[in-house]
Protein chains: 2
Amino acid sequence: MTTSRSTQSVRAVTLERPTPTAARDAIADGLDRKALVTVFGRCTVDYDGRASSQLAAGDRHVMLKPDGAALVHTDEGQQPVNWQPPGCAHDVFCEPASGEGDSEESEEADADGADSPADPDTATNTATLVLESTRSTPEERLLVRFQDVLQVSTFAGTDEGELTLSGTEADLRDRILDDPDLLESGFTPLATERDTPAGAIDIYGEDDAGRTVVVELKRRRVGPDAVSQLRRYVDALERDLHAEATLRGILVAPSVTDRAQRLLGAHGLEFVSLEPTGPD
Amino acid sequence: MTTSRSTQSVRAVTLERPTPTAARDAIADGLDRKALVTVFGRCTVDYDGRASSQLAAGDRHVMLKPDGAALVHTDEGQQPVNWQPPGCAHDVFCEPASGEGDSEESEEADADGADSPADPDTATNTATLVLESTRSTPEERLLVRFQDVLQVSTFAGTDEGELTLSGTEADLRDRILDDPDLLESGFTPLATERDTPAGAIDIYGEDDAGRTVVVELKRRRVGPDAVSQLRRYVDALERDLHAEATLRGILVAPSVTDRAQRLLGAHGLEFVSLEPTGPD
DNA sequence: TTGTAAATGTCGGCT
DNA sequence: AGCCGACGTTTACAA
C-alpha cells in the first residue's frame, strides 16, 4: 500500500492487492472526495435495465467517475463491455463470500443494509468487494463482483481544457453558407434548421430559378438512411407547401454508396459531393 | 515506485510519479507484454484523421489496450474525450521538452528517430512523455503529451468470459417467430432478412388474407427514422414485385413518438406495440 | 422529461 | 475492405 502526494494535495492514491475491506474503504473515500476511481481485478458483471446481461469472471478494468458514470473494460475493444451512464449513484460494499449459493434476492437487501449479520469487516479473507451503480428513469443497475482485486486507485485532478473539433457537419454547413456556389451556382440559403412536420431541414434555400431547395448534409460517405431522411423532409415540405413540382432535394456529402445513389435516382433527388473541410 | 506480483506471474505493475523516461520504459515494456496500460497525468491531446481536434492541458486517464485501442478519459462523461479504435499501433517516447516553440513538424521526425540529438534519457527533468497511436485506412493519429505523470500501470490479465445479453431486437424477432399471433392473428412469417434493393426486411410474411407483410422491428420506442426505414423497404418491394395494392408495412416496437405516428398514417403503414421480452 | 438527429460514433455480419 | 443496420448506442440541443 503506497500513496503519492503532490506538493499541493493528494492527487493519486494506489493500493496494490488490497484486502476487500481496505479496497472498499479506499474506494468509498475516493467517491466521497469526488475522485476518479479505478479498480482492476477478476470480477463478474451483471446488468439489468434497458436490457439485461451477465458476464462471467475475467480480469477487467473498472472506472467510476465522479459524475456517476461507470465503465467496465476488458483488454479488447474501444467500447466498455458494460457501463452505466453519468448520473448514477455509485455504491461499494463487501459481501460475506461469493459462494455459488449466493441468491440473487439477497443482493438487494445487502446493498444498503448497514446491519448485515456477521459484518464483513471481520472476515476479510472470504469477503468479496462489490461495486454497484444505479439510476432511475430508466431504472438500471450495474453490479460488479470482485473475486480478486489487484489494484485500486483514486485520482483527484482538474480539467478545464476545452475540446476543439473540426471536420463536423456544422463545418460543412458553414462552408456552404460562406460560399453557396459550392453547392451550385446561384444557390441562395434562406434558413437553417427549418422545421417541417417530419423534422428540421439542414439548409433551406432557393436555386437560380427560384425553386425551393431542401439540403441534407452529411460529414461523410452516406448510405440509404441519409437518402430516406432527405426524402422525408422533401415529402413533408411538399405536403406543407402544396407545391409538388418546384421542390428539389439535394444530398451533400463526400460520397454516396451505390444503393444510396439508386435510391436518390428513384426519388428524383440529387447529390453534390462536398467535404466538411476544404483543401487548404 | 512499487511492483506487485501474484503467485503466478507479474499481473500488475505500478509506478507513481515516475520520471518521463521511467514511465516510457514501463509503458514500452507493458505494450511489449501485451498488457493493458494506463497513464494518469496532466496532458494535452491532439487528434487528426476522420476529423481533427485539439485539447488543452488537463488531468486525464489514458488507457492503451493490447488490441490497439486507445482511450482518453476526463472525469466526466461515459465517452472518452479522445480515442483511437482497435488496430492502432501504440508508440511511446520522450521529447526534449514541451516548450511553446516546439513545432508541429518536428513531431513526426522524432517519433521513430532513435538518434535524437541529446538523448532524452539524460534530461529527465525537462523531457515530456508522449503517447502516439496511429493507423491507416483511414489515416489517423492520436498524440498525448504529458506535462506531468502521476501514475503508470500495466495490467496482464485473462478474460474468457462471454457476455450474454437479452432484450435485443433479435429477442423481439424470435418472440414473433415463436408466436406469430403476437403480431396479429393469422400472420405467417416466410423469411427473415429478406433482401430488397433498399436493404433487408426484418420479417417478411403473409397475413390472414394472403397479403404480403413487411415487418420492421425495433427494441425500443421509435421516431421518424424507423418509419422511413420501413417505408423504404415497402417501396422497394412494391417496385420489385409490381404489386402495389396488396402490400402492408408494420412497425413493431414498444411505442412510437407522435411524429412517427403521423408519418405512419401519412404513408399507410401500421404499428404494433410489442417489447423484446414478454412478461415473465 | 421527451423528441430529434449527429457522431472521429462502434460493432458485427455479410459480400 | 466496403456496405448495411443495430446499439443497454451516447451526446447535444430544442421544445
Side-chain angles (χ1 to χ4, degrees), chain A residues 47-53 69 71 76-87 135-142 163 165-170 172-173 193 195-196 198-202 216-226 228-229 232-233 255-260 276, chain B residues 47-53 69-72 76-87 135-142 163 165-173 193 195-196 198-202 216-226 228-229 232-233 255-261 276:
Chain A
Y47 160 76
D48 197 65
R50 286 169 289 174
S52 96
S53 73
L71 302 165
E76 287 186 335
Q78 175 179 339
Q79 297 302 129
V81 63
N82 276 112
W83 71 92
Q84 203 67 301
R135 70 158 174 168
S136 354
T137 46
E139 198 73 35
E140 284 187 303
R141 187 164 78 128
L142 182 72
L163 183 75
L165 179 68
S166 65
T168 64
E169 181 180 304
L172 176 56
R173 181 198 61 213
E193 300 295 310
D195 212 51
T196 75
I201 295 169
D202 284 340
E216 174 60 30
L217 307 172
K218 293 295 169 192
R219 66 171 299 281
R220 63 173 205 175
R221 182 172 176 85
V222 294
D225 55 336
S228 287
Q229 198 181 342
R232 182 149 46 90
Y233 299 152
S255 60
V256 287
T257 65
D258 274 2
R259 194 174 267 177
Chain B
Y47 160 75
D48 197 65
R50 287 168 288 172
S52 96
S53 72
L71 302 165
V72 182
E76 286 186 336
Q78 175 179 340
Q79 297 302 131
V81 63
N82 278 111
W83 70 92
Q84 203 68 298
R135 68 160 175 169
S136 352
T137 48
E139 197 73 35
E140 285 187 301
R141 188 164 78 129
L142 182 71
L163 184 75
L165 180 67
S166 65
T168 65
E169 182 179 303
D171 293 319
L172 177 56
R173 181 197 60 213
E193 300 295 311
D195 213 51
T196 75
I201 295 170
D202 283 339
E216 174 60 28
L217 308 172
K218 293 295 169 190
R219 66 170 300 280
R220 63 172 208 176
R221 183 173 175 84
V222 294
D225 55 337
S228 287
Q229 199 182 340
R232 180 149 47 91
Y233 298 150
S255 59
V256 287
T257 65
D258 275 0
R259 194 175 265 176
Q261 182 71 265

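In what follows, chains carry the letters A, B, and so on, assigned in the order in which the sequence lines appear, proteins first and then strands, with residues in each chain numbered from 1. Because the structure is a prediction, the values reported are computed rather than measured. Heavy atoms only: backbone and side chains are in, while hydrogens, waters and symmetry mates are out.
The CG-C1' distance, from B/D225 to D/dT9, rounds to 13 Å in whole Å. Put simply, CD on A/Q79 is 10 Å from P on C/dG12, counting in whole angstrom units. Taking atom CG of residue A/L217 and atom P of nucleotide C/dA5, one finds them 14 Å apart after rounding to whole Å. In this structure, CD of A/E76 is placed 15 Å from C1' of C/dT10, rounded to the nearest angstrom. For A/E193 and D/dA12, the CD to P distance is 17 Å, given to the nearest whole Å. Put simply, CG on A/L71 is 16 Å from P on D/dT9, counting in whole angstrom units. A straight line from CG of A/L172 to C1' of C/dA6 spans 12 Å, rounded to a whole angstrom. At whole-Å resolution of the value, CG in B/D171 and P in D/dG8 are 11 Å apart.
If you check every strand for non-hydrogen atoms under 4.0 Å, A/R173 touches nothing. Residue A/T137 is classed as a sugar-phosphate contact, given heavy-atom separations below 4.0 Å to backbone atoms only. No contact: A/G49 has no heavy atom under 4.0 Å from any strand. B/N82 comes within 4.0 angstrom of a base, heavy atoms only. Residue contacts shown for B/E216 are limited to sugar-phosphate atoms, with no base heavy atom under 4.0 Å away. A/R232 comes within 4.0 angstrom of the backbone, heavy atoms only, and of no base. In this structure, A/P85 reaches the bases: a heavy-atom distance under 4.0 Å links it to at least one base atom across the strands shown. Using a 4.0 Å heavy-atom criterion, one finds that A/P138 contacts no nucleic acid atom at all. Looking at heavy-atom distances under 4.0 Å, B/G167 makes no contact with the nucleic acid at all. B/A198 comes within contact range of the sugar-phosphate backbone alone, with a heavy-atom separation under 4.0 Å but no base atom that close.
Not one side-chain nitrogen or oxygen of B/T168 sits closer than 4.0 Å to the OP1 or OP2 atom of D/dA6. In this structure, B/R219 reaches the D/dT9 phosphate: one of its side-chain N or O atoms is under 4.0 Å from OP1 or OP2. At D/dC4, one or more side-chain N or O atoms of A/R259 fall inside 4.0 Å of OP1 or OP2 (strictly under the cut-off). Phosphate contact (OP1/OP2 of D/dT9, side-chain N/O of A/W83, threshold under 4.0 Å): absent. When the side-chain nitrogen and oxygen atoms of B/T257 are compared with OP1 and OP2 of C/dT4, one or more of them lie within a distance under 4.0 Å. The side chain of B/Y233 contributes an N or O atom lying less than 4.0 Å from OP1 or OP2 of D/dG5. Taking 4.0 angstrom as the limit, A/Q229 places none of its side-chain polar atoms (N or O) nearer than this to OP1 or OP2 of C/dT4. Between A/R221 and the phosphate of C/dA7, there is no side-chain N or O to OP1/OP2 separation shorter than 4.0 Å.
Proximity of A/D225 to B/Q229: side-chain heavy atoms (C-beta onward) are nowhere separated by under 4.5 Å. Side-chain contact between A/P276 and A/E169 is absent, with no heavy-atom pair separated by less than 4.5 Å. With a 4.5 Å cut-off on side-chain heavy atoms, A/E193 and A/D202 count as touching.
What you find for B/A51 and A/S166 is that their closest heavy atoms are CB-O, 3.2 Å.
Side chain A/Q84 to base D/dG8: a donor-acceptor pair is found below 3.5 Å. In this model, a side-chain donor or acceptor of A/E140 finds a partner on the base of D/dG8 within 3.5 Å.
If you take atom C1' in D/dA6 and the same atom in D/dT10, they sit 14 Å apart, rounded to whole Å. Comparing the C1' positions of D/dG5 and D/dT9 gives an interatomic distance of 13 Å, to the nearest angstrom. C/dA7 and D/dC7 are spaced 13 Å apart, taking the C1' atom of each and rounding to whole Å.
For B/R50, whose side chain is taken as the heavy atoms from C-beta onward, the closest listed nucleotide among C/dT10, C/dT4, D/dT11 is C/dT10.
Mapping B/Y47 and A/G199 onto DNA chain C via the closest heavy atom, the residue that lands nearer the 5' end is A/G199. Residue order along DNA chain D, read from the 5' end via each residue's closest nucleotide, puts A/R220 first among A/R220 and B/L165. Residues A/E169 and B/G223 both approach DNA chain C. Their nearest nucleotides, taken by heavy-atom distance, put B/G223 toward the 5′ side.
For the pair B/R135 (side chain) and B/G87 (backbone), a donor-acceptor distance under 3.5 Å is absent. At distances below 3.5 Å, not a single donor-acceptor pair connects side-chain atoms of B/R219 with backbone N or O atoms of B/D171. Under a 3.5 Å cut-off, the side chain of A/S136 and the backbone N or O of A/E139 do not form any donor-acceptor pair.
Donor-acceptor pairing under 3.5 Å is lacking for the side chains of A/Q84 and A/Y47.
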